[in-house]
Every structure is written in C-alpha cells, then in structure tokens.
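First comes the structure, then the notes that go with it.
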Amino acid sequence: MKHLSILFYLFLLTQCVLGQDNYHLTIEQMLANEYGLQNGEWVCFDNEQQNLGITYNYGSVDLIQLTTQTEDFTRVTNILNEVEGDYPYDSGWGIENQNTVLEDDVCLLVINLRKTNNPNINDLGKVTVGIQAEDNSIFEELITIQLENQWNQYLIPFQASTTYQPTELVAILNLAWEVQEIEIAGTNIINFGNNYNLEDLPLVLHNERYGGYEANAPWRAEAANRIEMHRKADLNITVNDDNGNPIPNAQVSVTMLEPAFGWGTAIELDRIANNINHTQEYEDILLDLDGQGHKFNWIVPGSSFKWPGIEENWVAPFEQKVNAVNWLKDNGYDIRFHTLVWPGWINTPFDIEANADDPQYIIDRTTNWIDFILNHPDLQNIFDEYDVLNEVTTNRDFEMTFAGYGPYTTGREFYIEVMNQASNLVPDKPKVINDYVTLSSQQNKGFQYDFLKNIIQELIDGGTDLNGIGFQSHLQLFPNSIYEVEETLADFAQFDLALKITEYDIIDPRIDPDLAAKYLEDFITMIYSIPEVDMFMFWGVWDGTHWVQNGTLFNEDWTPKPAATAFFNKVFNEWWTEEVTNANANGLATFRPFKGEYEIVIEYGNTTIIDTVSVLGDLALTYSNAECPESIIADAPLDPANVSGLQQASESIEWSGSVVRGSNTTFQAGNCVKINEEFEVPPNTQFTIDIQPCGTPPLPKPNENEVKKD
C-alpha cells in the first residue's frame, strides 16, 4: 500500500511539473492571429502528455500510442476499430473535461484526424465527432466527418447548454461505422466564456472535400455514360408528302414540355389558392422557377395531409387544403400524398397513445383513417402517388403493441394489411415506403439499414404491391460521400422497385452556400444517372416556409441561392432538349432527346404539322398530310403489324397486331376501335384509344364507353 501511495504521489507531481507545451501555445497563437480570438482557457490540460491520461475508449478498439516530429502535435493515438457495429456509437474514444464549463460559455473543440493507408482493412475513414454530456443526456454537437489520408485540423464551436463540472463533458469519436484504422492527435477544448458570440468562432470541417468532390473523380464519367444510356432515347421522325414520298429539308423541331423524371418539392398549402396565408409571389415562383417558364412537375404537400395534420387542421383548414391541391392539379402538377401511416405515438393523433393497451382500437382507428382519406369525395383523382408507410424502422410503437396480438407475430404483419387496404382503394397509384435511416443518417450498413431492407422484403413476401422506396435525404453539415450515395441506391435496386429521393435538404444553415450548390449538382447527377431512380423531391425550396429556415433554392426575400443556379442549369438546360434540324434526303430527322413529353413541329412549304408525344423509349414516327383511310385492319396471324405513333382511320380500326415497345401510340377512328383480347401493351409504352374523326387532335384518354373488344 505504501508503494502505491508513492507511485500516485509521483504521478501527481509529474502532472504538476508539466506546463503548457508548444502544441497548445501554437493553437493559442493560431486562433489569435487568424481569428482574433484571445484569453481562452483550456478545458482539458494544456499538455499533450497529460491529456493522454484523461482519455478513454470502449467497444472493439485497439489503441497504440505513437509520437511524431513532423506536425505541431507530438503525441498520436492510432485506433483500430476491429468490428463493424450495429450503430456507429458501438465503439468509441473520448476525452473528459478537467475544468468547469458554465452554462452559455462559448467553446471551441480542436481535434486533428486522419485515416491510415492500411491496405489490409476496409479503411472507410468515417467518424462522428460528438461533444456531449458524459451520461449521454445532452448532445451539444454531433458531426459525421469523412477523413482523408492527410492530417486535417478540425475546429468545432459550441455554446454550453448547461454547466459541466469536471469529467461531465466529453469530446468523443463514434468509430463503429466500419472496420477502420484512424489516428487522432491534439484534442482539446478552449473555453472563451462570454467574451465572444458563438458566430465569432471558426467552424473548420474541410467539408468541401466530401467523397467524390474532385473534378476528375471517376464517378463523373461513369454517371455521364449512364445518363446518356438510360435517360435519353432515339427519336426518328419521317416526313412524307400527300403521296407518301419523303420531303427533304423539312424543318423539324422538338421541344420538351415536361421531363419523364420527377422533379419536385414540398410546399405549404396555406400559401396558394386563396388560402389563409396566400402569397402571390409564392404561386408565381412555383409556376416559373427560373424566370424562363420552367417549373417542377411534382409537388408534395409537406405536413398538410398527415393524419394529425388533417384532424388538427395543421397549416390550413381541410377545405382550404382541398382548394390548394385542386389548384395544383389545374396547373399541371402530379401530387404525392405524405403520409398515410407513421406508426409512432408522437406522429399520430393523441388518442392513439391513450389507447396503447387496446390494439384493436388502434387497428380500427387506423383503418378508418385510411378509408376516410382515400375515399374522400373531394380528393378523388388528386394524388398520383402515396407514401403509405413512413419511418417504420424507428417508429415502432404500433409494431410493439401488435406483436403477439391476434394473428400478428412480429406486429409488422399489420403493415401488409395497410398496404393491401391502400391497394384496394387506389389500385392504380404507386405506393411507397419512406424512411431516413440510409441517406439522412449517412448509413450504408448497421442495424437500422438492414432492418429497413428486412421490412421491404416482408412487404414483398406478403404479396403487397409495394411500388417504390423513398429515401429521405435530410443531409448534414458534412455532405454524404457521392460514392456512398451510389452504393446505397445500388444496394436497394435489388428489390426491383422504383427508388425515390423524397425529402432533400441540408438542414444545417451553417453550410457554405457555394458548397451547398456544388454538392446539390453532384448529388442530382449521381441519382439521375441511376436508372432505378425516378424522382427527386426537395423538402422545401424557400427559407420562408422551410422547417429549419434553410430552403434549398431561395432566400426569404426570394433571391435565388447559388444552389438554384446549379439546379436550373442541370435540370432545365443540360438535361432539357430543345432542338431544330432539317430532314435528310429520305425525309428523316433524327434526335436523341431526354425522355419526356414533347411538342413536335414540322414545317415545309405552306404546311405546318404540330403534335405532342411522349418519348419514353426509342420511337419512330411518320407524319404526312395524306388523308387517312376509311379503315385499318391488322388480322393476326396474317398481318401481325407492329406500329407506333398516331394511327388514324375515318371509320374503324380492327387490330390484332402489336405496338412498338416504349412508344406513344394512339388509335384514332371515327366510330369503332376493335382490339383482339390477346393484345398487350408492352412495358414503358403509352397506348391511347381515341374515338373521334381522324385529323382531330387526340384526346388525353380513351373513351372507354365506345371501345369494343373481341
């Protein structure tokens, strides 16, 4: 016991003898010279060697202490995280405060990090830096950072939300993202008390160097090739005269009216259609985003149609919401419904949790809600797609309540019933499961990520007609690696369902606007290049109504942000086709437009032909001013014709052939269209039956009452 007392005394004596080292002096000088910050007090010791004694680690990590003479710091901790965790915080490293931090004190974390070049492990180099209470009760800051092989110094400011006595505040690294080896050095917190405001302190994250940021990053050429292959199609237009002879040099123009890909945003319904907060500028911007007449083609009404949002009149009264969605339909928007079932107590009406011990009450209440909203007479034919299930991976109250009740084993069987109920009521509308545990959480592994995949597979195995997977994308201060975005979406493509970016924004307003613009451009380029993705939705574009006042495209005064320029240039310029050419000697004009809805204008001599077509795949069209025949007959198997475009007859069409895959084909006749019962419309093909005299512009939908089938 005596020997232990002597050793402890010697340890304390050593700690007292050691004074401020050169590293901490260098940090003080740097903060004074570069940022004008002075008179701070170190929260930990002002000596690297002493601070090694107040660090700790947990989980599957192996530590080696190293020294270096090539950096401002001299002590390095090499950390090998040996096991990928279910959650990033399953293993970690931390350092505890030694001096008191008072409530409202303004502080700055200084930390140096890098990943190693160890070729024997999957070296991801991703950590979450946390500044938090030792007991996990308070989180002052949590930022996930992608490390580089070079040393980087990170400066992270925060303002204490409470008083921390010694050892009650920790700076921590969550390491269990993957098996990885990193190195850390020179970690400390400097406390400036109330000498400065929080915004006076620097924030240095090197977040402009997110994964794939480089101009020559290999993903860029690969994405460009995929866009050319999957987002465009061949359009061949032949122009003939009245006798069927080709017309050389006929001028042919194709002008995109609407892209096939879904581009859209969440909005607040109270701002439009003469509602309580009607704002004319809001409407005007929606209808003309870039000042060139372009607009989104999809809208989602934010919180307006959530279950408690309807029953508690969030945003606006129900009748005003109906006015608003009708205004949207009248102005040509497709509309997503968000969301039918969000199965956590906090996201449902108050009486649901109050009856938590009565599963049948919750089942009946939920079923009645779905019936109400999907059968409501004022909402028929309004919504074009439904978020049926939202965040079921983390909102598990329904699941836990139903587990073991009646026919339910896991409780998730109820979600199959919800999907089937929606299918019965809106059978022809896509139904989507929507969640945040992938892109929003920067996860491409772990329990929640795998749980989402498991639930999707359960819905598929349960026979539901799940049509899509929604990826909320509420991104953080350090943007996701573009490579991880690609990896995640490629992984979920295995389910052979449409993939949708449903809620894009960067929720930390501290992000540099130019960085936000550059990242948006890279993000949409990657997702647009992935053929399974069919939609990208902002979760608000205007600061004035955005949930954290950081809308992506417009400031509160409606001036465009740099991200607006980036988005408009990509979507309405680079990925938008407006082209004019002359037909060759065979009367053929060739194009390779981006897929979408087009106006075609053909001019030769005194003749002008105007048509509207959907280009969803390779398409060949023939136009002439010749009079249409009285009848068209294709009688299989003698004449199994394969056609596309507009097929006209003044009296009747009898059809046993087929239409070109990926085409937009209209059968137009004055009296009758007869189709063999074995006729099938190929995938990605639009087929319309139009009962009216030839030469009349086609109707948008067939007249079902006048269509006869053999």
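A quick note: this is a predicted structure, and the numbers were derived from the prediction, not measured.
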Next on the checklist: Quiz question: by atom type and distance under 3.5 Å, do the side chains of Asn444 and Thr488 form a donor-acceptor pair?
Outcome noted: no
Checklist outcome for this item: For residues 211-223, the side-chain hydrogen bond (donor to acceptor under 3.5 Å, both in side chains) pairs (sequence neighbours left out) are Arg220-Asp522
Checklist entry - Between Leu497 and Leu466, is any pair of side-chain heavy atoms under 4.5 Å apart? => result yes
Next on the checklist: By the definition side-chain contact (heavy atoms from CB on, under 4.5 Å), identify the one residue from Met537, Gln472, Glu385 that meets it with Lys500.
Outcome noted: Glu385
Next on the checklist: Is there a side-chain contact between Gln457 and Phe495 in this structure, where contact means two heavy atoms from C-beta onward sitting under 4.5 Å apart?
Outcome noted: yes
Item to check | Glu181 vs Lys115, salt bridge (Lys or Arg N to Asp or Glu O under 4.0 Å): CA-CA, chis, key distance, verdict | outcome: CA-CA 6 Å; Glu181 185 180 53; Lys115 65 177 182 178; over 6 Å; no
Checklist entry - Sequence neighbours excluded, which residues qualify as ring-ring contact (aromatic ring centres under 6.0 Å, His included) partners of Tyr598? => result none
Item to check | Qualifying residues under ring-ring contact (aromatic ring centres under 6.0 Å, His included), relative to Phe572, sequence neighbours excluded | outcome: His294, Phe568, Trp576
Next on the checklist: Looking only at side-chain N and O atoms, does Asn480 offer a donor or acceptor that is under 3.5 Å from a partner on Glu484?
Outcome noted: no
Checklist entry - Does the pair Glu458/Arg412 count as a salt bridge with the N-to-O cut at 4.0 Å? => result yes
Checklist entry - Is there side-chain contact between Leu155 and Leu109, with at least one heavy-atom pair below 4.5 Å? => result no
Next on the checklist: Do the side chains of Asp450 and Lys445 get close enough for a salt bridge, i.e. N-O under 4.0 angstrom?
Outcome noted: no
Item to check | Side chain to side chain, Ile456 and Ile469, heavy atoms closer than 4.5 Å | outcome: yes
Next on the checklist: Quick check: closest heavy atoms across Val179 and Glu84, and the distance to 0.1 Å?
Outcome noted: CG2-N, 3.9 Å
Next on the checklist: When you compare the side chains of Gln251 and Asn582, does any donor N or O come within less than 3.5 Å of an acceptor on the partner?
Outcome noted: no
Checklist entry - Salt bridge or not for Asp288 and Lys295, using N-O below 4.0 Å? => result no
Checklist entry - Does the distance from a Lys or Arg side-chain N to an Asp or Glu carboxylate O, for Arg114 and Glu148, drop under 4.0 Å? => result no
Item to check | Side chains of Thr545 and Glu268, donor plus acceptor under 3.5 Å | outcome: no
Next on the checklist: Measuring only between side-chain heavy atoms, which start at C-beta, is Phe261 closer than 4.5 Å to Ile527?
Outcome noted: yes
Checklist entry - Using a distance-only test with no angle check, is there a side-chain donor-acceptor pair under 3.5 angstrom linking Asp465 and Ser423? => result yes
Item to check | Basic-acidic side-chain contact under 4.0 Å: Arg336, Asp387 | outcome: yes
Item to check | Pairing of Arg510 and Glu141 as salt bridge, 4.0 angstrom limit | outcome: yes
Checklist entry - In chain order, what residues pass the side chain to side chain contact (heavy atoms under 4.5 Å, CB included) check against Pro509, with sequence neighbours excluded? => result Asn550
Checklist entry - Sequence neighbours excluded, which residues qualify as side chain to side chain donor-acceptor pair (under 3.5 Å) partners of Thr612? => result none
Checklist entry - Is the shortest side-chain N to carboxylate O distance from Glu486 to Arg226 below 4.0 Å? => result yes
Item to check | Those residues that, when tested against Phe471, pass ring-ring contact (aromatic ring centres under 6.0 Å, His included) (two or more places apart) | outcome: Phe492
Checklist entry - Under 3.5 Å, is there a donor-acceptor pair linking the side chains of Asp611 and Tyr623? => result yes
Next on the checklist: If we count only N and O atoms by modelled type, under 3.5 Å, do the side chains of Glu597 and Ser614 hold a donor and an acceptor together?
Outcome noted: yes
Next on the checklist: I'd like to check Asp90 versus Trp177 (side-chain heavy atoms, cut-off strictly below 4.5 Å). Are they in contact?
Outcome noted: no
Checklist entry - Any cation-pi pair here, Lys232 with Phe594, using under 6.0 Å and within 45°? => result yes
Checklist outcome for this item: Here the pair of heavy atoms bringing Leu173 nearest to Val127 is CD2-CG2, 4.3 Å
Item to check | Qualifying residues under side chain to side chain donor-acceptor pair (under 3.5 Å), relative to Asp234, sequence neighbours excluded | outcome: Arg592
Item to check | Heavy-atom check, side chain of Ile600 versus side chain of Val613, under 4.5 Å | outcome: yes
Checklist entry - Is there a side-chain contact between Ile433 and Ile455, using heavy atoms and a 4.5 Å cut-off? => result yes
Next on the checklist: Going by the rule side chain to side chain contact (heavy atoms under 4.5 Å, CB included), which residues pair with Asn331 if we only count those two or more places apart in sequence or in a different chain?
Outcome noted: Leu287, Trp327, Tyr333
Item to check | Residue pair Tyr483 / Pro218: nearest heavy atoms and the distance that separates them | outcome: OH-CD, 3.2 Å
Next on the checklist: Taking side chain to side chain contact (heavy atoms under 4.5 Å, CB included) as the definition, give me every residue that meets it alongside Glu532, ordered by chain and number, with sequence neighbours left out.
Outcome noted: Ala493, Leu499, Ile530
Checklist entry - Does Gln448 have any side chain to side chain donor-acceptor pair (under 3.5 Å) partners at least two apart in sequence or in another chain, and if so, which? => result Gln443
Next on the checklist: Set out, in order, the CA-CA distance, both residues' side-chain angles and the distance that settles side-chain hydrogen bond (donor to acceptor under 3.5 Å, both in side chains) for Ser481 and Gln146, then state yes or no.
Outcome noted: CA-CA 8 Å; Ser481 165; Gln146 300 159 24; 4.5 Å; no
Checklist entry - Taking atom types as modelled, is there a side-chain donor on Thr552 or Asp505 under 3.5 Å from an acceptor on the other? => result no
Next on the checklist: Applying ring-ring contact (aromatic ring centres under 6.0 Å, His included), can you list everything that pairs with Tyr210, at least two apart in sequence or on another chain?
Outcome noted: Tyr519
Item to check | Under the side chain to side chain donor-acceptor pair (under 3.5 Å) test, residues paired with Glu599 that sit two or more places apart | outcome: none
Checklist entry - When you look at Tyr386 and Val426, which way does the side chain to side chain contact (heavy atoms under 4.5 Å, CB included) test go after all the steps? => result CA-CA 9 Å; Tyr386 290 83; Val426 284; 3.7 Å; yes
Checklist entry - Looking only at side chains, do Asn152 and Gln150 share a donor and an acceptor under 3.5 Å apart? => result yes
Checklist entry - Around atom CG of Asp496, are there more than 12 heavy atoms of other residues, nucleotides or ligands at under 6.0 Å? => result no
Checklist entry - Parallel, tilted or perpendicular: which describes the rings of Tyr528 and Trp263, with under 30° parallel and over 60° perpendicular? => result tilted
